[in-house]
Amino acid sequence: MIKKARKKRYEWPPPEGTEDVYVPRARNPIHSILTALPVIMLVVGLYLYYQGESEQSDSAPIRAESVNAEGIFTGLSVIKSGSSGGRHYLWFDQNGKSRGVRIQPAEAAILQSLSRGEPLRISMAPSVAGSRTFWAWYVEQGDVVFLDGSDKLQ
């Protein structure tokens with residue numbers, strides 16, 4: 001038994017003037033823009049984020065916006081991101097609240113010898129005016145100064 005094809009065979013070139021000929025609709029420029037807009041916004045957002053991150057990482061802390069703090073040292077951490085060494089943080093408890101301060105990757109090795117649970121004094125400042133990200137430039141525990149970047153302040 002031979003089965004018959006259900007669909008009509010396609011003929012090339014298609015006959016002109018018939019209703020079964022597919023004619024693509026004209027492109028709607030508004031639809032094209034609205035489709036591409038989220039991708040454009042994502043690319044611009046990532047560019048601005050990494051530009052700001054690069055500016056913070058490469059700048060020195062601002063002396064005029066420097067803040068002193070005391071607390072109990074709780075540890076160091078790193079968040080791996082990209083091909084660089086990641087973002088390093090020094091954590092301490094201040095009045096019962098945990099607080100993190102950014103440190104440079106090279107400084108992380110120096111601060112490994114801090115003792116957990118011991119009080120420390122820290123000076124920190126943003127490296128970009130108005131930023132809420134603070135960078136440690138002075139760290140002291142006991143009477144030992146582990147980090148003193150006062151010569152690098154802006």
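Positions are given from 1, in the same order as the sequence printed here.
When the salt bridge (charged side-chain N to carboxylate O under 4.0 Å, His left out) test is applied to R102, the partners found at least two apart in sequence or on another chain are E53. Residues forming a side-chain hydrogen bond (donor to acceptor under 3.5 Å, both in side chains) with D148 (at least two apart in sequence, or on another chain): S150. In terms of the side-chain hydrogen bond (donor to acceptor under 3.5 Å, both in side chains) criterion, Y47 has no residue partners (sequence neighbours excluded). Applying the salt bridge (charged side-chain N to carboxylate O under 4.0 Å, His left out) rule to R116 yields no partners; only residues at least two apart in sequence or on another chain are considered.
Sorted by first and then second residue, the pairs that involve residues 138-147 and meet side chain to side chain donor-acceptor pair (under 3.5 Å), not counting sequence neighbours, are R121-E140, Y138-E140. Sorted by first and then second residue, the salt bridge (charged side-chain N to carboxylate O under 4.0 Å, His left out) pairs involving residues 127-138 (not counting sequence neighbours) form an empty list.
Taking each heavy atom of A69 and M124 in turn, the nearest pair found is CB-CE, 3.7 Å. Of all heavy-atom pairs spanning W135 and V101, the tightest one is C-CG1, 3.7 Å. For the pair G100 and Y89, the tightest heavy-atom approach, listed with the atom from each and the gap, is C-CD2, 4.5 Å.
Using a 4.5 Å heavy-atom cutoff, the side chains of L76 and I103 are in contact. By the 4.5 Å heavy-atom criterion applied to side chains, T35 and H31 are counted as neighbours. Residues Q51 and Y49 have side chains not in contact (no heavy-atom distance under 4.5 Å, counting atoms from C-beta outward).
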How far apart are the C-alpha atoms of W91 and S98, what are their side-chain angles, what is the distance that settles it, and do they pass the side chain to side chain donor-acceptor pair (under 3.5 Å) test? CA-CA 7 Å; W91 294 94; S98 185; over 6 Å; no
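The side chain to side chain contact (heavy atoms under 4.5 Å, CB included) test with F73 singles out one residue from I122, L111, L90, and that residue is L90.
Residues V128 and Y50 fall into different hydrophobic clusters, defined by Ile, Leu, Val, Met, Phe, Trp and Tyr side chains chained together at heavy-atom separations under 4.5 Å.
Open room surrounds CD1 on I30; 12 or fewer heavy atoms of other groups in view lie less than 6.0 Å from it.
Under the 3.5 Å distance criterion, the side-chain polar atoms of S123 are left unmatched by any main-chain donor or acceptor of N68.
Atom CD of E107 is separated from atom CZ of F146 by 13.5 Å, given to the nearest 0.5 angstrom.
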